[in-house]
Structures are given as C-alpha cells and as structure tokens.
Amino acid sequence: MHAPPTAPRTRRRTRALGFAALAVAMLMSVPTAQTAFGEEVQAVPGGGDLGPNVHVFDPSTPDIQGKVDEIFKKQESDQFGTDRYALMFKPGTYDNINAQIGFYTQIAGLGLNPNDTTFNGDVTVDAGWFDGNATQNFWRSAENLTLNPVSGTNRWAVSQAAPFRRMHVKGGLNLAPDGYGWASGGYIADSKIDGQVGPYSQQQWYTRDSSVGGWVNGVWNMTFSGVEGAPANSFPEPPYTTLDTTPISREKPFLYLDGDDYKVFVPEKRENARGVSWANGTPAGESIPLDQFYVVKEGADAATINAAVEQGLHLLFTPGVYHIDETINIDRADTVALGLGLATIIPDNGVTAIKVGDVSGVKLAGLLVDAGPVNSETLIEVGPENASADHSANPTSLQDVFVRIGGAGPGKATTSIVVNSDDTIIDHTWVWRADHGEGWGWETNRADYGVRVNGDDVLATGLFVEHFNKYDVEWYGERGRTIFFQNEKAYDAPNQAAIQNGDTKGYAAYRVDDSVEQHEGWGMGSYCYYNVDPTIIQEHGFKAPVKPGVKFHSLIVVSLGGNGQYEHVINDVGSPTSGPDTIPSQVVNFP
C-alpha cells in the first residue's frame with residue numbers, strides 16, 4: 001500500500017490577518033522598492049501593451065477572416081509547437097465569420113457580458129487534420145462570445161483541455177467531428193446554448209452552471225451540475241449524472257475592455273449555483289485595471305515575475321512559452337495569475353513551476369505547465385505542507401490549469417499537482433503524462449502521481465488526469481468532493497510486473513486514503529488501453545475505504561478494445577470487463 005506523503009496531521013483552522021496585504025498595497029504606489037539591505041531597486045512596471053501574439057479586432061478591422069485563417073493554418077495540426085495566440089474581439093457585431101480554432105489558440109470577446117460581442121457566424125473546431133478523429137483536439141479555448149451559427153448549429157469537436165466558457169450560442173452545439181468520428185471528453189461552463197447540444201460520439205463530457213435547450217445522447221459518462229435544461233439523472237441508461245446545483249463555484253477571471261481601458265474581471269464565488277452568472281447583465285465580481293498587472297512577455301524570467309508579485313502586482317501572461325530556473329512564488333492573498341493563449345511555463349532545472357502560499361483567494365487560470373527534462377518533485381503546489389488556514393470564505397482556485405509531461409519533448413515530474421490548502425477549487429484541469437508525441441515512454445517521461453490532495457474541503461469540478469505510472473489521483477484530505485472525473489491508465493506499461501502494487505494488480509486511477517472519513521464523488525470514469533501488453537489486469541479503477549461518509553455515484557470502467565482488463569470497478573465491487581469488445585462495467589452507488 002502506498003504510504004501517505006507525511007505523517008497524519010492534526011488539522012486546525014486559523015484566520016489569516018490582512019496586514020501583509022495592506023503593506024503590499026501601499027508598495028504599489030511607489031516606483032521603487034527596497035531590498036533587505038535597504039538598497040532601492042527599480043520597481044516592475046504595471047500595465048503596457050499585450051505583446052505581439054494577442055490580436056485585437058473590432059468590427060471595422062479589415063480582412064478579419066484572412067487573419068483568423070492565417071493563424072488556423074499555422075496551428076491546425078501543430079500539436080506540440082511553440083506558437084501561442086489569443087484572438088480578442090472588441091464589443092460589437094461581426095458578420096460572416098467562421099473562426100476555425102487550432103492548437104494553442106484562444107478566442108474571446110472583450111465585453112463584460114458575452115452578448116456584448118456577437119458573431120453572425122461560427123467558432124469551429126473540427127478534425128480534418130486527423131482524418132476525422134477528434135480525440136487529439138487539445139489545448140484551445142473559446143470564451144465570452146455570442147454566436148448566431150450560419151447553419152443553426154455550431155461545431156466544437158474537442159477532447160481534453162479545450163474549454164467552452166461564458167459562451168452564448170443562439171442555436172445548437174455539435175460536439176462531434178464532421179462524419180461523427182471519435183471524440184473524447186470536454187468541458188462547458190457558464191454558457192447558454194439556446195438549442196440542442198449533440199455530443200454524438202463524445203465518450204464523456206462535463207457541463208457546469210449553464211443553460212441548454214436540450215441534450216441528445218450519451219456514450220459512457222455525461223455529467224451535469226447546476227445546468228438548466230439538463231436531462232434527469234438516469235445513470236447508467238442513459239449515462240446521465242445530474243446534480244441540480246454546483247455546491248461551490250467561481251468563474252474564471254477574464255480580460256475585457258472598459259471603454260478604451262483593459263481590465264481583468266474576477267467573478268465572485270457562488271454557492272449552490274445554477275445557470276449562468278451573467279443572466280441578469282453585469283455579473284457580480286471585481287474589476288482590476290491592467291496597470292495593476294505585470295504583463296508578462298516572452299523572455300521574462302522568474303526573478304522578475306516574483307519581484308512583481310512581491311511588489312503587489314497581479315500577473316497576466318501573454319501568449320508564449322516561458323522557461324524558468326526558479327519557482328514562481330505567489331504568497332499574497334487575492335493574487336490573479338491569468339494566462340492568455342495557453343501561455344506555457346517550463347521549469348528547466350527540476351524546480352517546482354508554481355507555488356502558492358497558504359493564503360486566500362489566489363486565482364491561477366489559463367496556464368499550461370510543461371515538465372522539463374530534469375525531474376521536478378512537483379510542478380504545482382497549492383499551499384505548503386501541513387497548511388491549515390481557513391479559506392472557506394475566499395478559496396484559492398485553479399481554472400483551465402493544465403499539466404503535460406512529455407509529448408513536446410522529454411519531461412519528468414514525480415507528482416504534478418499537490419493541493420495542501422483547505423477549501424481549494426480545482427475547476428477544469430487536464431493533467432497528462434503523454435502517450436504520444438516526442439519524449440515519451442515508460443521511463444522516458446516517468447511521472448508516478450498526477451494529483452495529490454492533502455487539504456480538507458477541496459472541491460474538483462472537471463478533473464481529467466491520465467496515464468501516470470502509479471496513482472493518477474490520491475486523496476488524503478477530509479470532505480473532498482469530485483464532480484466528474486475522466487481517466488485513462490498508462491497505455492505503455494510494459495507488463496504486469498511493471499504496474500504491480502504489492503499484492504494488488506495495478507494502481508487505482510483514483511484512490512481515497514484509508515484514513516479519510518468523508519469523501520464523495522459523482523460521474524467518474526477510468527479506461528484502460530494496455531496496448532503494449534493486452535494481458536495486463538487492473539484490479540480496480542477506484543479504491544476507497546468502506547465507511548458511511550465515503551460515497552460514490554455513477555462509476556464506470558472500460559477496457560478499450562479489450563486491451564487489458566479491470567477485475568472490478570471500485571475495491572472488489574463491480575463486474576469485470578473482458579473480451580475484445582469495449583464492454584463497460586458500472587456501479588451506480590458505492591457503498
């Protein structure tokens with residue numbers, strides 16, 4: 001049995017004081033700062049332009065379609081390239097637009113409300129580059145736009161790490177590629193689709209705090225929380241898992257224009273949310289002027305980024321790839337670190353890419369952390385070990401924060417994300433040990449653990465974690481909750497011995513520690529595709545203590561094409577998957 005990372009903790013709650021935040025705010029008004037030795041150093045400037053990879057359009061911009069097509073041509077199949085783009089549209093109406101979105105491209109409106117920026121046209125993702133297979137349509141996003149689709153239905157055929165946020169579709173939404181080839185999972189939040197959503201070939205999908213005019217079908221796992229118009233809970237036939245509300249949520253921060261001034265809007269936390277946050281016009285939250293941000297551009301180093309945070313600035317990462325040789329430390333409450341255009345951070349020398357202190361209200365959003373060739377013990381840490389402060393009133397959140405180990409080149413990390421702070425919200429993350437591309441193999445991109453949660457009262461909404469050498473998710477904190485989990489075990493395990501876990505055949509995809517008294521999960525799936533050795537047996541997809549406070553709803557395991565087998569779904573419960581066909585095994589409720 002895998003031992004906990006630290007001795008069991010006696011957890012206690014403390015309330016953080018605001019004096020440090022006040023001192024930092026005072027520093028923002030002066031152009032210089034002092035070192036520990038009293039020397040004055042030049043302050044990091046706030047604000048400025050958004051750099052060369054942010055393209056801003058207004059309705060009078062000439063040849064918008066030509067520019068959008070030019071970027072799509074570069075990015076359509078550039079799965080592991082280094083170009084990053086953000087296509088930002090000022091409020092107004094844009095006619096005859098079909099914005100096809102490729103890799104590492106964000107398209108977004110610059111209004112405070114999605115209805116401020118309207119396309120009489122489409123924002124399209126299809127899979128022509130991959131012979132009609134959408135299972136590798138990763139790393140792109142659409143946000144804060146209203147669409148009047150030309151045909152009445154917009155196509156968004158994506159898989160992981162491709163969020164559809166704060167969108168208003170005045171028509172239907174098709175989540176499958178042209179020809180209805182394979183597609184493998186995605187995420188919608190804070191969006192209104194007036195017509196019907198057709199997932200068709202989508203194997204799994206999570207929709208949160210939205211409104212839909214209808215939902216056509218489900219393959220294995222369709223999960224909804226806080227969605228007006230969602231189908232009734234009916235797992236496993238059809239495979240709908242539906243929660244009336246989302247217990248806690250806070251929408252992702254976003255860039256917008258207030259007149260001619262750029263600001264970042266930070267939405268307020270919602271409890272028991274249902275429907276979109278912007279239904280009544282201006283959403284609840286805070287606007288932060290751009291001059292309170294360090295606008296990070298390619299070539300910036302970690303020392304300057306850290307100096308900006310210490311000075312009291314927020315962080316806005318423009319589209320680009322950032323190599324760092326020391327950890328980015330965020331130890332100030334309410335700091336926003338927002339990436340545009342899938343901004344990518346690579347730790348070159350084995351450091352942790354980002355560490356967040358045990359402070360309230362930090363927002364990490366829109367960032368891709370790509371492991372470097374030297375092993376990092378961790379890539380993202382939220383809170384120090386044994387963190388104990390109470391953040392329930394103002395949680396730290398991770399939204400569209402993605403992790404990749406290998407694929408773009410050799411990368412290694414022992415554990416990708418460690419959450420030590422209580423009350424953290426993990427809202428849509430894809431944590432991926434590569435199974436294709438460059439620099440991958442059982443030892444080449446070694447990564448034993450995906451996500452480890454030590455904090456109490458942590459909520460995950462849209463948790464995608466795949467292909468780790470050992471446990472994909474481990475949970476040690478109390479009262480943890482996960483709404484929607486998608487997993488594939490590592491394809492490339494060479495044989496049964498390589499995954500043997502003591503007396504257990506394989507490491508569970510999602511393990512709740514035996515010490516935990518309360519935990520709950522909804523709409524959770526694990527799939528195996530042991531194509532190197534199809535005889536491998538995985539004892540179970542899920543492992544948890546049998547206690548009254550530990551509950552799971554709507555669990556599924558699938559052997560893809562009969563490559564490998566699950567003996568059970570959770571612990572020793574659930575029938576085996578076997579044979580050459582894709583036969584799911586399901587458990588409606590556990591225990």
Side-chain angles (χ1 to χ4, degrees), residues 1-9 378 403 413-420 424 426 429 431-433 447-460 463-490 493 496 498-528 530 536-558 564-574 585 587 589-591:
M1 210 50 189
H2 180 70
T6 60
R9 299 179 293 166
T378 59
V403 170
T414 304
T415 306
S416 291
I417 298 178
V418 177
V419 178
N420 293 315
T424 301
I426 307 170
T429 185
V431 183
W432 185 62
R433 176 182 166 267
D448 284 349
Y449 310 108
V451 176
R452 178 178 289 153
V453 179
N454 298 317
D456 291 343
D457 301 293
V458 172
L459 172 66
L463 185 61
F464 300 72
V465 189
E466 296 189 304
H467 304 310
F468 285 84
N469 294 79
K470 292 185 179 179
Y471 292 115
D472 298 276
V473 173
E474 295 181 285
W475 212 292
Y476 294 91
E478 285 291 350
R479 297 176 299 280
R481 291 176 288 184
T482 295
I483 304 173
F484 184 87
F485 172 68
Q486 187 265 328
N487 165 263
E488 290 178 356
K489 295 302 298 175
Q496 186 75 46
I499 66 162
Q500 192 68 16
N501 180 16
D503 294 332
T504 303
K505 302 184 189 84
Y507 291 80
Y510 188 106
R511 182 180 81 88
V512 179
D513 191 67
D514 288 343
S515 65
V516 172
E517 297 294 331
Q518 295 182 58
H519 189 90
E520 196 159 9
W522 297 263
M524 306 176 73
S526 177
Y527 317 129
C528 73
Y530 289 119
I536 289 176
I537 294 174
Q538 180 78 27
E539 191 154 318
H540 41 230
F542 302 88
K543 176 73 168 65
V546 182
K547 298 179 181 179
V550 177
K551 302 175 184 179
F552 287 91
H553 317 277
S554 306
L555 299 178
I556 183 169
V557 296
V558 182
Q565 175 181 326
Y566 290 94
E567 288 190 330
H568 304 287
V569 179
I570 180 167
N571 298 353
D572 58 358
V573 177
S585 182
V587 168
N589 288 300
F590 173 87

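Positions are given from 1, in the same order as the sequence printed here.
Salt-bridge formation is not detected for the pair Glu520/Lys551: no Lys NZ or Arg NE/NH1/NH2 atom is positioned less than 4.0 Å from an Asp or Glu carboxylate oxygen. By the 4.0 Å N-to-carboxylate-O rule, Asp514 lies close enough to Lys543 to be salt-bridged with it.
Inter-residue side-chain proximity for Gln486 and Tyr527 is flagged as met; some heavy-atom pair is nearer than 4.5 Å. Two residues are said to be in side-chain contact when any heavy atoms from C-beta on lie closer than 4.5 Å; Leu463 and Thr429 meet this criterion. By the 4.5 Å heavy-atom criterion applied to side chains, Phe590 and Val546 are counted as neighbours.
No donor-acceptor contact under 3.5 angstrom links the side chains of Arg433 and Tyr449, judged on distance only. Residues Asn501 and Tyr471 bring a donor and an acceptor atom of their side chains to less than 3.5 Å of each other.
A donor-acceptor pair under 3.5 Å links the side-chain atoms of Glu478 to the main chain of Gln518, judged by distance alone. When atom types are taken as modelled, the side chain of Asn571 and the backbone of Pro545 share no donor-acceptor pair closer than 3.5 angstrom. Between the side chain of His467 and the main chain of Lys489, a donor-acceptor pair closer than 3.5 Å is present. Put simply, the side chain of Asn487 gets close to the backbone of Val465: a donor and an acceptor are under 3.5 Å apart.
The CG atom of Leu555 sits 5.5 Å away from atom CD1 of Ile570, with the distance rounded to the nearest 0.5 Å. Distance OG/Ser554 to CG/Asn589: 7.0 Å, rounded to 0.5 Å.
Under the rule for a salt bridge (charged side-chain N to carboxylate O under 4.0 Å, His left out), the partners of Lys547 that lie at least two apart in sequence or sit in another chain are Glu517. Residues meeting the side chain to side chain contact (heavy atoms under 4.5 Å, CB included) test with Gln496, sequence neighbours left out: Ile499, Gln500, Lys505, Ile536, Ile537.
Classification of the Phe552-His519 ring pair by plane angle, with boundaries at 30° and 60°, yields tilted.
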side-chain contact (heavy atoms from CB on, under 4.5 Å) between His568 and Val573, intermediate numbers included: CA-CA 6 Å; His568 304 287; Val573 177; 5.9 Å; no
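Heavy-atom contacts from other residues, nucleotides or ligands closer than 6.0 Å to CG of Asp503 number 12 or fewer.
Partner of Phe464 under the ring pair (Phe, Tyr, Trp, His ring centres under 6.0 Å) criterion, chosen from Tyr510, Phe485, Phe484, Trp432: Phe484.
In terms of heavy-atom proximity, His553 sits nearest to Trp522 at CD2-NE1, 3.2 Å.
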